[in-house]
Novice: 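Below is the structure I would like to discuss, written out as structure tokens.
Note that these values count all heavy atoms, side chains included, but never hydrogens, waters or copies made by symmetry. Note on naming: letters A, B, ... go to the chains in the order of the sequence lines (proteins, then strands), and numbering restarts at 1 for each one.
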Amino acid sequence: MESKRAKLAKKKAFLEGVHAVLTKSAYESAAHARRRAAVIAKAGGTCTMEPTDETNVVLCSETTTKAEAMERIKQGKDLGGKPPPEAAHWVTTAWLTECVKAKTFIPYDCFTVRSGAPAPVGESGSSAAETGSPSRQPLRHRSSSASSTSSQRSALQHINSNGDYFPASGSPSRTTSNDNNPARALDVGPMSSTLTVNDTHPRSSEQTALISTAGAATHATAAATEPSASASASASASASASQPSSATQSPAALVARSQRVVGTSPEEIELPPAWEAIYHCYNCGAKDHGARTCPLPPRGTPENTYVPGFPGARKRVSREWMCARSHGHRKDRQGAGPNDLIISNLEKLHDTYADYGTWLHQLKASNLHTALAFIRRMKEPITTYEQARRIPKVGNETAKKIDEILSTGTLQRLEAFDTPEKRAQHEFSQIYGVGTATAKQFVAKGFRTIQDLLDNQHELTERQRIGVRLHQELQERIPRTEVDRMVAHVKHVVLSIEPGCIFEACGSYRRGKKTCGDVDVLISHRDKRVLDTLFKRVIDALHDDGFLTHDLARSEGESTQYKYMGIGKLKDASFHRRVDIIVVPWEEWPCAILYFTGSGAFNRSMRLLARKMGWSLSQHTINYGVVRDRKEKDKKLGDGSVIPVKSEHDVFALLALKYRPPWERNA
DNA sequence: GGACAAACCTCG
DNA sequence: CGAGGT
DNA sequence: GTCC
Ligand SMILES: Cc1cn([C@H]2C[C@H](O)[C@@H](COP(=O)(O)OP(=O)(O)OP(=O)(O)O)O2)c(=O)[nH]c1=O
Ligand SMILES: [Mg+2]
């Protein structure tokens, strides 16, 4: 903790000086500024911003001096070689980061030139702007009563061929109804929690890449094409899933219902005043509602061309983005498919890629994964190299491999991997807490079986010891009925400790999967002060009643969010199960529930989209004006500014995405 | 030849 | 910081 | 590895 304070002191001291590594993206274009001014005016706010072509802010990091930065500009390395005007304000990333950490909203126009420190102002040009308020404006919570939002709805249960639970009826995706509405009270155990029923979900085939290539599909005669795009494509249409991916249509055949222990999350959260001041509908710009209840059609369509004023905002998003499409549950194929041999071999190849643990092989793996998604949807057998080449993401290398499988039945590459060492390495890497690197080390040490590890537990970290001991049990996926009971139990404990909590079981459970790898629980409370004790009391209570049996990791308040990772077991259950519990501050709820609902691939796609806009989406907030190092892509120089959101719908609207309910996020 | 490439977290 | 995790 |  001391080092942390020291760091903070250093940062504060630094703010006095001017140092910089420059990046170009820290200011908005004149076009953006003008559009933004118009939007704000339309929304009834006033805008103090002066549209300008000039750089009015220079974002800095701690590593170089202003002189060095100017030198870089002269050399053409930054800002396109154009020095910023004298009046430009130099801001350190530390300053910016601190403002964001302090939850002070910094809209772009606060950067208009001033002497002294720039004052963060509300976008609506409200009081904060005039007062030239101090740069750090603490976040205050509005203590209003809980919104209870459940409307009753008739229930019907249906399970698809895979056993996944689906929601039903024909309302559009961007529905205004709560995804969490309880429809039918259903006793799932001693705690009598309820199960709920949700909205429509027509299934579509899955697409696994973050960005997929849709165009090439038309050339692949047998390859499945993008479902919605292929509706009119003659021959290949039959190969694709017969369902449209758009959730606005509701084929009666696949209507089904999603059912789960109901959470207590509100449809929209209340924002702190400073955020409420700049909040507006990101689907139309109006001040009096959010995107969730916007009467207009989703933006990005011809009927609604609105674009939010934040620099980088998109007009629309192409269907190539995974998060822009509906991804229902993966369908179990009944009986044998025409390309099963190829698929099983390529799947094994895919697994060997994952065992490398390098970027390149990660890339190869994801490529192959996409190709496999197309191959799985094919109805005709692949018989030639040329035919394989026409499948999207199948290039020369993969086609050669398919050819080899066709002629020999196997792959040389795979045979070479079928050694005791590689098998052991793969098995070790399945253990919780053991990854590619440690698995390799274990093999190098001469270990070959799980028993070897059990006999040498002194070589393991605490997590790995638990992982090894419970390895068999943790391999099992959890039947949904058991998750129901686990969630009901946790919910009961949480709400008896603090009735004002909001609670939601997320992850694959919220997405309606038939079985879950673990239980993901998200909790929040309006009062920030209770979060810390709430977290501890919940974990303690769940330990005391014997539910939690092992701890794997628990946060100690370093972040605004508390995360517990551990293992629990119901008394009458056969196996120990992984349990994750996250406690988040109230205003981070929308981004947190979006994150925790996943899927992981869906999150990555959405986050990549945000990144491409010069924004950043995390489990905390969605930010614009993020400054990233142009060379080292992972280095973030400035956090940018928080865009306040009240619901998941708002995040979708900001990214120009149609809202996807949880069961359409199964990538 | 480059783009592709999530963004966080804890542990040791 | 690397490794492993969500 | 694939796509442009
Ligand atoms: C693993 C992983 C999860 N997440 C998010 C999305 C997930 O839904 C959420 C919970 O993680 P998980 O519990 O690992 O995933 P899951 O619940 O979707 O599936 P499973 O049935 O295996 O439990 O965390 C990421 O953002 N990135 C990741 O790499
Ligand atoms: Mg899960």
Side-chain angles (χ1 to χ4, degrees), chain A residues 209-216 219 320 322-323 346 349-350 353 356-372 374 389 391-401 413 428-441 460-467 506-508 517-522 551-566 578-582 584 588 591-592 594-612 615-623 626 628 632-636 639 667:
Chain A
L210 305 189
I211 310 174
S212 72
T213 48
H219 302 297
E320 290 164 31
M322 196 219 79
C323 56
L346 291 184
L349 183 68
H350 175 270
Y353 285 155
Y356 282 91
T358 64
W359 260 118
L360 182 68
H361 287 275
Q362 196 76 11
L363 221 59
K364 293 181 182 189
S366 94
N367 236 329
L368 190 54
H369 194 92
T370 336
L372 272 165
F374 282 104
R389 269 312 304 264
I391 302 165
K393 296 287 168 180
V394 174
N396 180 41
E397 297 299 313
T398 310
K400 275 198 298 199
K401 281 167 186 132
R413 279 279 296 276
F428 290 160
S429 68
Q430 304 299 102
I431 299 166
Y432 186 90
V434 179
T436 52
T438 318
K440 277 179 197 156
Q441 283 176 27
L460 311 179
T461 65
E462 186 55 34
R463 306 165 81 154
Q464 290 164 350
R465 261 195 290 277
I466 297 168
C506 304
S508 47
D518 63 358
V519 179
D520 306 292
V521 168
L522 183 64
D551 297 344
L552 295 162
R554 57 189 297 175
S555 67
E556 304 286 351
E558 301 289 318
S559 160
T560 55
Q561 301 188 351
Y562 299 84
K563 179 152 103 175
Y564 171 85
M565 291 160 59
R578 282 277 296 103
V579 176
D580 287 356
I581 299 171
I582 305 187
V584 307
E588 293 184 7
C591 286
L594 179 66
Y595 153 74
F596 216 25
T597 300
S599 66
F602 189 89
N603 287 351
R604 285 170 59 190
S605 177
M606 251 183 131
R607 288 169 179 211
L608 181 61
L609 179 59
R611 177 184 256 258
K612 287 270 175 288
W615 299 9
S616 173
L617 173 63
S618 78
Q619 56 267 55
H620 298 280
T621 53
I622 179 166
N623 294 25
V626 176
R628 295 179 171 90
E632 297 171 71
K633 286 209 279 185
D634 279 351
K635 192 150 71 178
K636 212 176 3 169
D639 287 348

Novice: Under the salt bridge (Lys or Arg N to Asp or Glu O under 4.0 Å) rule, collect the residues that match up with A/K400, sequence neighbours excluded.
Specialist: A/E397
Novice: Could you state the CG-P distance from A/N603 to C/dG5, rounded to the nearest angstrom?
Specialist: 18 Å
Novice: Of all the heavy-atom pairs spanning A/L594 and A/L617, show the shortest one and how long it is.
Specialist: CD2-CD2, 4.2 Å
Novice: Calculate the interatomic distance between A/Y564 atom OH and B/dC8 atom P; express it in whole Å.
Specialist: 25 Å
Novice: I want to verify a distance call: between B/dA6, D/dC3, B/dC8, whose nearest atom is closest to the A/H620 side chain?
Specialist: B/dC8
Novice: To the nearest Å, give me how far apart CG (A/N623) and C1' (B/dC8) are.
Specialist: 13 Å
Novice: Looking only at heavy atoms, what is the nearest atom pair of A/P392 and A/F374, with distance?
Specialist: CB-CE1, 3.9 Å
Novice: What is the separation between atom CG on A/L594 and atom C1' on B/dA7, rounded to the nearest whole Å?
Specialist: 13 Å
Novice: Under the 3.5 Å rule, do the base of B/dA6 and the side chain of A/R611 count as making a donor-acceptor pair?
Specialist: no
Novice: Is the shortest side-chain N/O distance from A/R604 to OP1 or OP2 of B/dA6 below 4.0 Å?
Specialist: yes
Novice: Is the ring pair A/H361/A/Y356 parallel, tilted or perpendicular, if the boundaries are 30 and 60 degrees?
Specialist: parallel
Novice: Among B/dC4, C/dA3, B/dA7, which nucleotide sits nearest the side chain of A/K612?
Specialist: B/dC4
Novice: If each of A/L363 and A/Q619 is mapped to the nucleotide of DNA chain B with the nearest heavy atom, which maps nearer the 5' terminus, i.e. the 5' end?
Specialist: A/L363
Novice: Taking only side-chain N and O atoms of A/S616, does any of them lie within less than 4.0 angstrom of OP1 or OP2 on B/dC8?
Specialist: yes
Novice: Stepwise, does the side-chain hydrogen bond (donor to acceptor under 3.5 Å, both in side chains) test hold for A/E588 with A/Q561?
Specialist: CA-CA 9 Å; A/E588 293 184 7; A/Q561 301 188 351; 2.9 Å; yes
Novice: Tell me: CZ of A/F602 to P of B/dA7, nearest whole Å?
Specialist: 16 Å
Novice: Applying a 4.0 Å non-hydrogen cut-off, can you work out what A/I582 is touching in the nucleic acid: base, sugar-phosphate, or nothing?
Specialist: nothing
Novice: Checking all strands, does A/R465 fall into the base, sugar-phosphate, or nothing category for heavy-atom contacts under 4.0 angstrom?
Specialist: nothing
Novice: Quick check: closest heavy atoms across A/L522 and A/F596, and the distance to 0.1 Å?
Specialist: CB-CD2, 4.0 Å
Novice: How is A/Y562 classified with respect to the nucleic acid when contacts are heavy atoms under 4.0 Å: base, sugar-phosphate, or nothing?
Specialist: nothing
Novice: Measuring from the side chain of A/D580 (C-beta onward, heavy atoms only), which nucleotide among B/dC8, D/dT2, C/dT6 has the closest atom?
Specialist: C/dT6
Novice: May I have the distance from A/Y356 (atom OH) to C/dA3 (atom P), rounded to whole angstrom?
Specialist: 18 Å
Novice: Taking atom P of C/dG4 as reference, at what distance in whole Å does atom CG of A/D518 sit?
Specialist: 19 Å
Novice: Give A/I622 one of three labels, base, sugar-phosphate or nothing, depending on what nucleic acid heavy atoms sit under 4.0 Å from its own.
Specialist: nothing
Novice: Would you tabulate the pairs of protein nitrogen or oxygen atoms and nucleotide nitrogen or oxygen atoms of nucleotides 10-12 of chain B closer than 3.5 angstrom?
Specialist:
from   : atom 1 : to     : atom 2 : distance (Å)
B/dC11 : OP1    : A/R554 : N      : 3.4

Novice: So, taking the atom named OH in A/Y595 and the one named CG in A/N603, what distance separates them when rounded to the nearest 0.5 Å?
Specialist: 7.5 Å
Novice: Can you see which heavy atom on A/I431 is nearest to which on A/Q464, and at what distance?
Specialist: CG2-O, 4.5 Å
Novice: Within the pair A/R628 and B/dA7, is there a side-chain N or O less than 4.0 Å away from OP1 or OP2?
Specialist: yes
Novice: Please determine, for the side chain of A/Y432, which listed nucleotide (B/dA6, C/dG4, C/dG5) has the closest atom?
Specialist: C/dG5
Novice: Rounded off to whole Å, could you give me the CD-to-P distance for the A/E588 and B/dC8 pair?
Specialist: 11 Å
